[in-house]
Each structure stands twice: as C-alpha cells, then as structure tokens.
Asker: 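Can you read through this structure? Questions will come right after.
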There are 2 protein chains.
Amino acid sequence: MKKHNCIVGDESVCPKVKLSIQDTLDVVGGKWKLVLISILRDGKMRFRELSREADISPRILSKELQELEMNGLVTRTVCNTKPVTVEYALTPYSDTLSEVIIAMHKWGQEHRRKVMEPSL
Amino acid sequence: MKKHNCIVGDESVCPKVKLSIQDTLDVVGGKWKLVLISILRDGKMRFRELSREADISPRILSKELQELEMNGLVTRTVCNTKPVTVEYALTPYSDTLSEVIIAMHKWGQEHRRKVMEPSL
DNA sequence: TTTCATAGTATCCTTTTTGTAACTGGTATC
DNA sequence: GATACCAGTTACAAAAAGGATACTATGAAA
C-alpha cells in the first residue's frame, strides 16, 4: 500500500499523519467549531444571530467562540450601538481552513446523496 | 460577503453548508474515526495492531470500527490463522474521504509549524 | 415603570464519550 | 496443565460535552 512521505523513520508506521490529524482535531474538533466557522464564512455575525443560526445555546456558543478566538480563528469586536452588540468575524488565518471546510461540505453533500439513494 | 450556491431559499442564510458539515461530522466526527482511517490508509491492519498503533483501548476501538463498518468505510475480515486474526481495511468508498483527510493532515502540519514559531 | 433586546454568565443536570481493568473463548506453545 | 496471544466484551468509573433555565447588566422603547 502507498506510504506517506515521511521524514522521521520510526516504529512501524509514520506517526505524523496521526499527529497532524489529532492536532487539527484539537483545534477544530467537536460538534460546533467547524459549523460556526462555516457559518461565519458568509460574513460577520452577532452573538444572538449566530446562536439562532447555528441553533446552539448561549453557554456553548460562548465557550466555543472563546476557544476559536484563542486559536486566532475568530475575532470579537464590541460595537458602540444602542444595546451593545458584539460582532464575531473570521480572521485571515481561518482561511487556511478553507480546504478542510470545503472538503467536508462536499463530502457531506455527496454522502447524503448516497445514503438517500432509493433502496439501492 | 460571498454566498454559497444554494438551491433552497430560506430564513437568512443557506442551511446546506451547516447541514453538510454536520452530516460529515455524524459519520467521521469524534476523536478517533479520522485517525483510524488515516492509519488504515497505509494498509489493512489487525485489531491489536491498530490498537497499538492508534493507542486506543480495545473497547473504544471495537466500537469505532463497528461504526465505521456500518457506514461502509471499513471492512472486517476474519482470517483462518493459528489464533484467529481479524483484518480491518478501508473500502473503496472511504477514498471519497481523501480530500478531507489530506486537508486535515496538511492543516495540522502547518498549524503546528505556526504554533511552534519561536515567540513570534 | 414595565418590557424588550443585547451579550453573555451561573447553576444545575443529562447525555455522550472515553478510559481502565478484568474477563471470555479459542488456539498454540512451553 | 500453565501460560500467552488473539479478538473482542462486560462492568464500572471518570470526564467531557451538551443543554435548559434563569439570571446579570445595560440601554431603549412603550
């Protein structure tokens, strides 16, 4: 079978792929982060909007956004509006996740199509 | 901001991206599935091997493999060997996940590189 | 003054996930 | 027979994730 181009030689199989995937999952794993990012790709959004859009409770949303902010994927901007509003937007760095998001988007679509096939 | 090509018109933002991502996460979300698939891309492997390779306990591994098998991503083959061995291998369908896995692999590598940057 | 909207936080609870350790059953080896 | 390896399963525990509800604080509108 095809081996990956692996710089470090070791035990039996290169650990880099496994590690890389795990690193990625550490940052955008879980139920919500990629969903939130994919929603924010349509443009910045306020807290409540995002909450409604993603159908996620404030508590979880708050936590997820903090984590995304910590990892430099999202910015939080407080606006001087009538009731103070807060805008969340993607950072340029988050663009590096485009491939991942697009790939998952495409796969999800195709998979649904496949699963929906009439009793094949 | 750019809108996605959306067939169904609705509330405010197209739900298809969100749904597609969630569909994907339903199948390969969680801590292990993508890791296991990425390991199996190097070739079929037996239960214990996989357990050691991924550093995952038999209980979890068993459950994850069952779910992957249910979703048509992995095959389970019992071999008539001295002590019975069981081989797990990827299905052709799992190849459709290549883009996702490669994208996550690349991103994880790049992200680690970025995070490791000496006190930038 | 009461009410509503904003952006969260606090509290409590349930569900899901993950892990550990021990154990089954089969075959082979010592 | 005792031991060891394989592929799991079972029972139990711990932790993480997720969710519901209520609440804070601010300011504007009714």
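We name chains A, B, ... by the order of the sequence lines, and we start the count at 1 in each one.
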Asker: Between C:dG8, C:dG26, C:dA7, which nucleotide has the shortest distance from any of its atoms to the side chain of B:Pro83?
Answerer: C:dG26

Asker: Which heavy atom of A:Leu65 sits nearest to which heavy atom of A:Val74, and what is that distance?
Answerer: CD2-CG1, 4.5 Å

Asker: Can you tell me how far C1' of D:dG8 sits from NZ of B:Lys63, to the nearest Å?
Answerer: 15 Å

Asker: Find the distance B:Leu65:CG to D:dG8:P and express it as a whole number of Å.
Answerer: 8 Å

Asker: Tell me which nucleotide among C:dT6, D:dG8, D:dT10 gets nearest to the side chain of B:Phe47.
Answerer: D:dG8

Asker: State whether A:Lys33 and A:Glu64 are salt-bridged, where the test is any N-O pair (Lys NZ or Arg NE/NH1/NH2 against Asp/Glu carboxylate O) under 4.0 Å.
Answerer: yes

Asker: Heavy atoms from C-beta onward define the side chain here; which of C:dT9, C:dT18, D:dG19 lies closest to that of A:Arg59?
Answerer: D:dG19

Asker: Step by step, work out the side-chain hydrogen bond (donor to acceptor under 3.5 Å, both in side chains) result for A:Thr85 and A:Arg48.
Answerer: CA-CA 9 Å; A:Thr85 55; A:Arg48 288 288 174 186; over 6 Å; no

Asker: Using heavy-atom distances to pick each residue's nearest nucleotide on DNA chain D, tell me which of A:Pro58 and A:Gly30 is more 5'.
Answerer: A:Gly30

Asker: Under a 4.5 Å side-chain heavy-atom rule over Ile, Leu, Val, Met, Phe, Trp and Tyr, are A:Val78 and A:Tyr88 clustered together?
Answerer: yes

Asker: Quick check: closest heavy atoms across A:Leu90 and A:Ile37, and the distance to 0.1 Å?
Answerer: CD1-O, 3.7 Å

Asker: I want to verify a distance call: between C:dG8, C:dT18, D:dT9, whose nearest atom is closest to the B:Glu64 side chain?
Answerer: C:dT18

Asker: For DNA chain D, determine which residues of residues 66-81 of chain B have any heavy atom closer than 4.0 angstrom to one of its atoms, and list them numerically.
Answerer: B:Gln66, B:Arg76

Asker: Taking only N and O in the side chain of B:Lys31, is any of them less than 4.0 Å away from OP1 or OP2 of C:dG19?
Answerer: yes

Asker: Look at the side-chain N and O atoms of A:Ser57 and state whether any lies under 4.0 Å from the OP1 or OP2 oxygen of D:dA20.
Answerer: no

Asker: Is a salt bridge present between B:Arg113 and B:Glu110, judged by a nitrogen-to-oxygen distance below 4.0 Å?
Answerer: yes

Asker: Have a look at the helix from C:dT1-D:dA30 to C:dC30-D:dG1 and give the angle its two end axes make, five pairs each, rounded to 10 degrees.
Answerer: 20°

Asker: Measure from CD1 on A:Ile60 to C1' on C:dC12 and round the result to the nearest Å.
Answerer: 13 Å

Asker: Are B:Arg46 and B:Glu49 close enough for a salt bridge, meaning some N to O gap below 4.0 Å?
Answerer: yes

Asker: Looking at every heavy atom in both B:Ile21 and A:His105, which two are closest together, and how far apart are they?
Answerer: CD1-N, 4.1 Å

